[in-house]
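Just so you know, these numbers come straight off a predicted model, no measurement behind them. Proteins get letters first, then strands, A, B, ... in listed order; numbering begins at 1 in each.
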2 protein chains.
Amino acid sequence: MTEPKRKPGPRRALTEREILDAALALLDAGGPEAASIRRIAAAVGVAPNAVYTYFADKAAVERALVESLLEGCDGVVGRDPEAGWRAEVEALALELRRRLVAHPGAVPLMLGGPMDGPHALRLGERLLDLLAAGGLATPVAARGAYLLIVYVLGAIALEVADVPQAGALPPEEERIAARRAAFGEVPAEAFPRTAAATGVMATWVGTEQFRWGLDRVLDGLVAG
Amino acid sequence: MTEPKRKPGPRRALTEREILDAALALLDAGGPEAASIRRIAAAVGVAPNAVYTYFADKAAVERALVESLLEGCDGVVGRDPEAGWRAEVEALALELRRRLVAHPGAVPLMLGGPMDGPHALRLGERLLDLLAAGGLATPVAARGAYLLIVYVLGAIALEVADVPQAGALPPEEERIAARRAAFGEVPAEAFPRTAAATGVMATWVGTEQFRWGLDRVLDGLVAG
DNA sequence: ACCTGAACACCGTTCAAGT
DNA sequence: ACCTGAACACCGTTCAAGT
């Protein structure tokens with residue numbers, strides 16, 4: 001948890017970073033089941049059990065991986081001094097989405113446990129800063145921040161769950177084509193509204209879709 | 001997919017239902033890793049590979065399990081003829097939450113793949129009915145339904161991810177106690193707003209929390 | 001048609017041993 | 001202190017064989 005200091009010993013063949021990079025590469029290439037301890041170890045050139053010198057167990061590797069994806073997200077806040085709090089919240093959400101859709105295999109890991117690491121806390125603190133700057137009182141800001149996190153992570157989870165592929169998200173053209181195909185497969189007699197809705201959704205993908213929902217949530221937050 | 005008919009043969013030792021019930025019981029008792037094909041088979045008293053007579057692979061078992069949890073959710077719609085569309089949407093969302101928090105282990109399965117089964121479609125169709133009754137035009141209703149699903153599943157996913165336990169969700173008292181403990185662990189110097197927000201959230205759990213967020217989303221939907 | 005035993009190619013994790 | 005080989009108790013899935 002709290003030992004960033006170097007440890008003595010004969011020699012460290014690896015660093016935590018190398019292990020996490022290998023895990024992420026395997027995750028991107030082959031999905032969650034490809035990121036096994038044994039394959040990570042093989043990728044960095046050690047025996048499987050050598051990984052346990054660096055991490056207590058597989059869950060610790062996954063937590064560290066999630067944390068490393070969160071690191072520096074808040075760098076997008078405060079770039080434009082003209083930007084209002086709402087634009088800043090959107091920038092933060094879009095940055096998080098950008099990072100996670102780049103590594104779809106990591107999304108289930110993020111949803112799999114509590115987000116209580118230092119980088120997650122830092123991200124939450126920035127979000128609360130922005131809501132406070134927007135004039136929201138502490139209780140509303142607290143609930144609002146949670147609501148925004150629910151939206152952002154839920155939207156990303158559904159977005160990556162919708163694409164069958166294991167690796168990286170395909171380009172938007174391909175995803176639109178896939179939705180058109182899904183549109184054709186909805187039985188319109190039994191589910192007329194669903195068929196119509198699928199048609200509407202067919203050309204509405206990715207960032208645009210994400211931003212629309214985020215705007216509705218922010219509308220509800222300032223209205224409530 | 002579409003073969004509800006009986007199949008001939010010497011004798012069926014099991015039904016799909018028995019397998020799904022066993023899988024759900026194992027999921028509830030011991031979390032996702034307890035619901036292995038081998039343990040499911042042992043629970044229903046057959047050899048591991050006998051399961052493959054009923055389902056193509058483990059993913060098919062999981063899809064069927066998710067579908068079975070969705071079945072009949074829409075029974076809560078139309079009970080109260082006085083209820084407005086918004087109350088009906090809330091009833092539907094609360095029913096889905098009730099079912100999923102009763103089986104936390106199934107939540108990652110629901111987020112793990114596209115929700116395109118017949119019961120999922122039926123649920124989506126009911127939601128679209130309600131939004132149409134609320135006066136939303138088809139394009140807004142389509143996007144709004146998706147937004148609501150994002151919120152509901154995201155909120156449930158975060159709710160079950162926050163409790164470390166494998167089995168059923170503990171009672172609210174226990175969860176409040178856990179949040180108070182989490183409040184004490186946030187370093188207030190480095191993360192003052194997070195510490196304050198954690199204090200706010202400490203007594204605000206479960207249905208009440210879920211409903212507040214849902215109301216904000218609905219506010220944003222009718223405002224936008 | 002359905003079930004079984006046996007096997008294959010994997011897992012995460014532990015332990016004793018080497019340096 | 002760190003790494004290795006070997007082992008343990010598991011996985012999902014396949015295949016040939018039985019009825």
Side-chain angles (χ1 to χ4, degrees), chain A residues 3-20 22-27 29-66 105-106 108-109 112-113 164 166, chain B residues 3-20 22-27 29-66 105-106 108-109 112-113 164 166:
Chain A
E3 359 180 39
K5 293 163 194 167
R6 293 285 177 82
K7 288 172 191 170
R11 193 108 40 96
R12 286 216 131 186
L14 297 72
T15 61
E16 280 88 349
R17 243 300 31 105
E18 283 178 278
I19 293 172
L20 295 179
L24 193 56
L26 286 164
L27 213 51
E33 70 271 20
S36 69
I37 293 286
R38 295 177 105 104
R39 292 204 217 189
I40 294 168
V44 295
V46 295
N49 44 3
V51 174
Y52 293 89
T53 308
Y54 299 85
F55 296 98
D57 52 23
K58 198 191 183 187
V61 178
E62 294 173 347
R63 278 196 306 270
L65 191 57
V66 166
L109 305 183
Chain B
E3 1 181 37
K5 293 163 194 169
R6 293 283 176 80
K7 287 170 193 173
R11 192 108 40 95
R12 285 216 131 185
L14 296 70
T15 62
E16 280 90 349
R17 248 284 47 95
E18 285 177 277
I19 293 171
L20 295 179
L24 193 56
L26 287 164
L27 212 52
E33 69 272 18
S36 69
I37 292 285
R38 294 178 105 104
R39 292 203 217 190
I40 294 167
V44 295
V46 295
N49 44 3
V51 174
Y52 293 89
T53 308
Y54 299 85
F55 296 98
D57 52 22
K58 199 191 184 189
V61 178
E62 295 174 346
R63 278 197 306 269
L65 191 58
V66 166
L109 305 184

Starting at [atom1] of [X] and ending at [atom2] of [N], how long is that distance when rounded to a whole Å?
{"X": "B/Glu33", "N": "D/dC11", "atom1": "CD", "atom2": "P", "answer": "10 Å"}
{"X": "B/Leu14", "N": "C/dA1", "atom1": "CG", "atom2": "C1'", "answer": "14 Å"}
{"X": "B/Phe55", "N": "C/dC2", "atom1": "CZ", "atom2": "C1'", "answer": "15 Å"}
{"X": "B/Ile37", "N": "D/dG12", "atom1": "CD1", "atom2": "C1'", "answer": "7 Å"}
{"X": "A/Arg12", "N": "D/dA1", "atom1": "CZ", "atom2": "P", "answer": "11 Å"}
{"X": "B/Ile19", "N": "C/dC2", "atom1": "CD1", "atom2": "P", "answer": "12 Å"}
{"X": "B/Ile40", "N": "D/dC10", "atom1": "CD1", "atom2": "P", "answer": "16 Å"}
{"X": "B/Leu26", "N": "D/dC11", "atom1": "CG", "atom2": "C1'", "answer": "14 Å"}

Using every non-hydrogen atom in the two residues, find where [X] and [Y] come nearest and quote the distance to one decimal.
{"X": "A/Phe55", "Y": "A/Ala64", "result": "CE2-CB, 3.7 Å"}
{"X": "B/Ala35", "Y": "B/Ala23", "result": "CB-O, 4.0 Å"}
{"X": "B/Glu33", "Y": "B/Arg39", "result": "O-NH2, 4.4 Å"}

Sequence neighbours left out, what passes side chain to side chain contact (heavy atoms under 4.5 Å, CB included) with B/Ala29? Give chain and number order.
none
Residues that A/Val44 engages under side chain to side chain contact (heavy atoms under 4.5 Å, CB included), provided they are two or more places apart
A/Leu14, A/Ala22, A/Val46
Who passes salt bridge (Lys or Arg N to Asp or Glu O under 4.0 Å) against B/Arg17, sequence neighbours left out?
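For B/Arg17, the residues satisfying salt bridge (Lys or Arg N to Asp or Glu O under 4.0 Å) (neighbours in sequence not counted) are B/Asp21.
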Could I get the full list of side chain to side chain donor-acceptor pair (under 3.5 Å) partners for B/Arg38, not counting sequence neighbours?
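Side chain to side chain donor-acceptor pair (under 3.5 Å) check on B/Arg38 returns nothing, list empty.
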With respect to the side chain of B/Tyr52, which nucleotide from D/dT13, C/dT13, D/dT4 is positioned closest?
D/dT13
Can you tell me which nucleotide in C/dC3, D/dT4, C/dT13 comes closest to the side chain of A/Asp57?
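So the nucleotide nearest the side chain must be C/dT13.
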What pairs of nitrogen or oxygen atoms, one from the protein and one from nucleotides 6-9 of chain D, lie under 3.5 Å apart?
none

Report yes if at least one side-chain N or O of B/Arg39 is closer than 4.0 Å to OP1 or OP2 of D/dC11; otherwise report no.
yes
Below the 4.0 Å mark, does D/dC2 have OP1 or OP2 next to a side-chain nitrogen or oxygen of A/Tyr54?
no
Could you walk me through whether A/Ile19 and A/Glu16 pass the side-chain contact (heavy atoms from CB on, under 4.5 Å) test, one step at a time?
CA-CA 5 Å; A/Ile19 293 172; A/Glu16 280 88 349; 5.8 Å; no
Symbol by symbol from the 5' end, with Watson-Crick or G-U pairs under 3.5 Å, [ ] crossing and | another strand, DNA chain D is ||.|||||...|||||.||
Enter the distance from A/Glu62:CD to A/Leu27:CG here, rounded to the nearest 0.5 Å.
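The CG atom of A/Leu27 is 8.5 Å from CD of A/Glu62, to the nearest 0.5 Å.
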In terms of the nearest nucleotide of DNA chain D, which residue is placed more toward the 5' end: A/Gly45 or B/Ala34?
A/Gly45
